Amino acid sequence: MQPVRGTHDLLPEEFLVHSYIKKVAFEVMENFGFSGVDTPIFEFLEVFARPLGDASDIVSKEMYTIHDKGGEVLALRPEGTAGVVRMLISNGLQQEMPAKFCYAIPCFRYERPQKGRQRQFHQIGTELFGVSSFYADAEVIAVGLEILKSLKVDNQVRLHLNTIGDLESRKVYREKLVEYLRGYENDLSPESKIRLEKNPMRILDSKDQGDRKILESAPLLHDSLNPESRAFFDGLRNVLETQNIAYTIDQKLVRGLDYYSHTVFEFISDNLGAQGTVLAGGRYDGLVKLMGGQDIPGVGFGSGIERIAMLLTEKPSPKRPTTIIPVSAEDEEAAWSLVFNLRKQGLPIDMGYSGNLSKRMKKASKNNARYCIVLSKGDLANNQLSLKDMDSGDQFMVSVEELPLRLKA
RNA sequence: GCGGGCGUAGCUCAGCUGGUUAGAGCGCUAGGUUGUGGCUCUGGAGGUCGCCGGUUCGAAACCGGUCGCUCGCCCCA
């Protein structure tokens with residue numbers, strides 16, 4: 001039996017890593033005032049297709065679509081934002097601006113798997129709606145950084161920042177860029193030739209050496225910014241600098257779609273192969289309206305849990321249980337009674353199902369037990385239990401009453 | 001969708017230019033230890049050599065195809 005290509009089972013060790021990342025992230029996001037939400041894993045195709053555009057790669061080749069028995073066309077979500085925007089509109093939440101949401105969700109894209117890329121992957125994300133001020137952008141960047149800091153991976157990552165300006169600035173720039181690139185049309189990579197027609201801004205982050213050479217003397221986007229766009233970016237930079245959030249300006253960092261505006265940022269690591277982006281986001285002022293809502297601005301980020309997991313140096317360790325060991329078969333019933341009692345008190349208690357004392361002790365050691373309780377009816381008759389500290393090897397008698405206290409300590 | 005590398009035990013890998021019962025370490029398991037783990041010693045289980053076809057007296061090895069994994073391109077978390 002093989003799993004579907006690009007999907008992975010989370011075995012106990014990895015499961016623990018994922019839950020640890022989510023737990024830390026939610027703690028941070030909630031401290032920043034974001035409320036956790038969840039949306040369905042699938043939506044009507046339109047929910048994703050409309051904002052991304054039929055021509056986009058995600059819609060044209062990466063979306064998992066479902067034709068259900070009622071004749072509806074559905075799609076597994078390829079990213080988090082569109083579903084949350086739909087949630088906002090469907091539930092009348094546009095009345096309560098501003099609003100801050102966060103989530104940890106599985107996403108699906110039909111792509112060729114490689115390092116840091118799977119067909120089912122998991123994203124942590126935040127969306128902040130209803131705020132036009134750059135303080136919202138700063139807050140979103142700050143919460144992202146704080147998550148990476150709390151997970152102790154911020155030292156492997158650097159913040160790339162850019163602005164793509166408002167729609168007006170971008171229009172002006174796009175014309176200048178296209179005009180410039182036309183002069184080199186025959187030297188561009190095959191991909192970029194296509195992009196020149198479809199989405200010229202995307203050429204800016206081409207990995208092709210020839211393209212990069214051509215881009216060296218291309219017009220700069222920042223020179224086309226109108227005063228409003230410039231002021232917005234300067235404002236954001238000022239907040240980041242005041243808060244000592246280090247960043248490097250990367251004028252090649254872009255987003256292709258028209259509903260994006262102003263801020264674009266990515267936390268990038270060199271330790272992840274070709275997919276270095278760990279946490280990325282930006283401002284999407286046109287999106288809610290595009291999806292049929294009011295003209296509500298938004299800014300947010302998405303972050304890949306699998307990518308963060310690859311950077312973690314400190315793996316979380318599982319709970320260390322106390323293992324109950326009956327001395328002989330006659331003690332088994334009493335041992336199970338103790339197991340049930342201690343578990344009612346919320347203690348992590350383990351007990352094997354077979355084996356002699358030696359065997360059970362070995363198993364307990366392998367399971368990383370903190371304590372073992374060696375139980376015999378004889379000791380129990382005197383209200384005593386033998387408690388073994390598996391780290392020090394010390395073993396001593398404790399009364400039944402004081403046992404829970406010893407274990408909690 | 002396109003290109004490179006790789007498929008031998010649960011894991012990491014050996015297996016010389018084709019030669020008969022396919023190996024190691026780790027892990028798993030049973031015992032040395034009839035009331036005590038981590039160390040050590042000794043046994044044991046576990047593989048249609050990814051799959052199909054071809055070449056050959058003979059294929060894990062060579063050839064073709066296929067599936068899978070992996071890395072990169074496109075794109076993106």
Side-chain angles (χ1 to χ4, degrees), chain A residues 1-8 11 21 52 55-63 77-81 104-125 144 157 189-192 194-195 198-199 202-203 205-209 211 253-257 266-269 272-281 300-311 323 325-331 352 355-379 386-395:
Chain A
M1 290 293 283
Q2 279 165 342
V4 174
R5 176 178 228 175
T7 65
H8 293 280
L11 299 181
I21 291 171
L52 296 167
S56 72
D57 271 34
I58 290 187
V59 174
S60 63
K61 68 172 194 182
E62 294 176 2
M63 198 116 80
R77 73 174 153 224
E79 53 96 37
T81 305
I105 56 172
C107 296
F108 305 83
R109 283 183 208 171
Y110 187 84
E111 295 183 279
R112 193 77 179 264
Q114 63 188 78
K115 190 177 174 72
R117 172 181 304 155
Q118 308 172 190
R119 287 186 172 182
Q120 176 175 351
F121 60 103
H122 298 83
Q123 257 189 23
I124 289 166
V157 119
S189 66
E191 289 85 17
S192 289
I194 296 167
R195 284 190 281 226
K198 254 174 40 179
N199 200 344
R202 272 261 159 239
I203 297 175
D205 62 1
S206 171
K207 288 178 187 172
D208 183 89
Q209 288 303 317
D211 289 351
L253 193 62
V254 290
R255 290 287 127 99
L257 303 171
E266 293 192 7
F267 287 90
I268 299 176
S269 170
L272 293 178
Q275 275 68 235
T277 303
V278 176
L279 189 153
F301 74 71
S303 177
I305 294 181
E306 285 83 0
R307 291 185 185 176
I308 293 176
M310 287 192 284
L311 295 178
T323 302
I325 300 180
V327 167
S328 65
E330 298 87 70
D331 303 309
N356 60 27
L357 181 51
S358 171
K359 184 120 298 194
R360 287 170 185 261
M361 192 66 81
K362 274 184 188 162
K363 193 80 178 167
S365 187
K366 216 190 64 174
N367 289 345
N368 199 25
R370 178 69 186 84
Y371 297 103
C372 281
I373 293 168
V374 181
L375 179 148
S376 76
K377 287 198 289 193
D379 290 340
S386 185
L387 180 67
K388 178 160 187 168
D389 184 318
M390 297 299 277
D391 288 346
S392 66
D394 297 341
Q395 188 164 353

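Model, not experiment: these values are computed from the prediction. So you know, we letter chains A, B, ... as the sequences are listed, proteins then strands, and number each from 1.
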Base-pair map of RNA chain B as dot-bracket, where | denotes pairing with a different strand and pairs are Watson-Crick or G-U under 3.5 Å | (((((((..((((.....[...)))).(((((.......))))).....(((((..]....))))))))))))....
Which distance, rounded to the nearest 0.5 Å, do you find between the CE of A:Met63 and the CD of A:Glu79?
-> 9.5 Å
Could you walk me through whether A:Ser376 and A:Val374 pass side-chain contact (heavy atoms from CB on, under 4.5 Å), step by step?
-> CA-CA 7 Å; A:Ser376 76; A:Val374 181; over 6 Å; no
Between CD of A:Glu62 and C1' of B:A77 the distance, given in whole Å, is 12 Å
Sugar-phosphate only, base, or nothing, as touched by A:Gly125 at under 4.0 Å among non-hydrogen atoms = nothing
Quote, to the nearest angstrom, the C1' distance that separates B:C16 from B:G54.
-> 25 Å
If you round to the nearest 0.5 Å, how far is CE of A:Met390 from OG1 of A:Thr323?
-> 7.0 Å
Comparing nearest nucleotides in RNA chain B, the 5'-proximal residue of the pair A:Ala280, A:Pro113 is A:Pro113
Ignoring hydrogens and geometry, is there a side-chain-to-backbone donor-acceptor pair from A:Asn367 to A:Ala369 under 3.5 Å?
-> no
Whole-Å P distance, B:U8 and B:G15 | 14 Å
What distance, rounded to whole Å, do you find between the two P atoms, one in B:G65 and one in B:C6?
-> 16 Å
Indicate whether OP1 or OP2 belonging to B:G3 is found under 4.0 Å from a side-chain N or O atom of A:Arg112.
-> no
Here the distance between atom C1' of B:G72 and atom CG of A:Leu272, to the nearest Å, is 15 Å
Any side-chain N or O of A:Gln114 less than 4.0 Å from the OP1 or OP2 oxygen of B:C71?
-> no
Determine the interatomic distance between P on B:G64 and the same-named atom on B:G4; round to the nearest Å.
-> 13 Å
List the atom of A:Pro106, the atom of A:Gln120, and the distance in Å for their closest heavy-atom pair.
-> CB-NE2, 3.6 Å
Counting any heavy atom closer than 4.0 Å, what does A:Arg109 reach on the DNA or RNA strands: base, sugar-phosphate only, or nothing?
-> base
Specify the separation, in whole Å, of atom CD of A:Glu111 and atom P of B:C75.
-> 11 Å
Side chains of A:Pro326 and A:Arg360: closer than 4.5 Å at any heavy-atom pair?
-> yes
Using a strict 4.0 Å threshold on nitrogen-to-oxygen distance, state whether A:Glu330 and A:Lys377 make a salt bridge.
-> no
Using a cut-off of under 3.5 Å, enumerate the N/O to N/O pairs linking the protein to nucleotides 36-40 of chain B.
residue, atom, partner, partner atom, Å
B:U36, O2, A:Lys388, NZ, 3.2
B:U36, O2, A:Gln395, OE1, 3.3
B:U36, N3, A:Gln395, OE1, 2.9
B:U36, N3, A:Gln395, NE2, 3.0
B:U36, O4, A:Gln395, NE2, 2.9
B:G37, O2', A:Ser365, OG, 3.2
B:G37, N7, A:Lys388, NZ, 3.1
B:G37, N1, A:Met390, O, 2.6
B:G37, N2, A:Met390, O, 2.8
B:G37, N3, A:Ser365, OG, 3.2
B:G38, N2, A:Met390, O, 3.3

Work out which heavy atom in A:Ser192 is nearest to a heavy atom in A:Ile203; give both atom names and the distance.
-> O-CD1, 3.4 Å
Interatomic distance, A:Met310 CE vs B:U70 P [rounded to whole Å] | 12 Å
Evaluate the side-chain proximity of A:Phe121 to A:Arg307: yes if any heavy-atom separation is below 4.5 Å, no if none is.
-> no
Can you tell me how far C1' in B:G47 sits from the matching atom in B:U21, rounded to whole Å?
-> 14 Å
Rounded to the nearest angstrom, tell me the gap between atom CZ in A:Arg5 and atom P in B:C67.
-> 9 Å
Smallest separation among heavy atoms of A:Gln114 and A:Ala274, with atom names | NE2-CB, 4.0 Å
Does A:Arg195 place a side-chain N or O at less than 4.0 Å from the phosphate oxygens OP1/OP2 of B:C75?
-> yes
When we call it a touch if two heavy atoms are under 4.0 Å apart, what does A:Gln275 touch: a base, just sugar-phosphate, or nothing?
-> base
Which whole number of Å gives the distance between the C1' atom of B:C69 and that of B:U33?
-> 45 Å
Is any side-chain heavy atom of A:Thr7 closer than 4.5 Å to a side-chain heavy atom of A:Gln118?
-> no
RNA chain B: 5'-proximal contact among A:Thr7 and A:Ser303 (nearest heavy atom) = A:Thr7
What is the distance, rounded to the nearest whole Å, between atom CG of A:Asn367 and atom P of B:C28?
-> 11 Å
Within this structure, what is the CZ-to-C1' distance between A:Phe108 and B:C76, rounded to whole angstrom?
-> 16 Å
Round to a whole Å and report the spacing from NZ of A:Lys359 to C1' of B:G31.
-> 8 Å
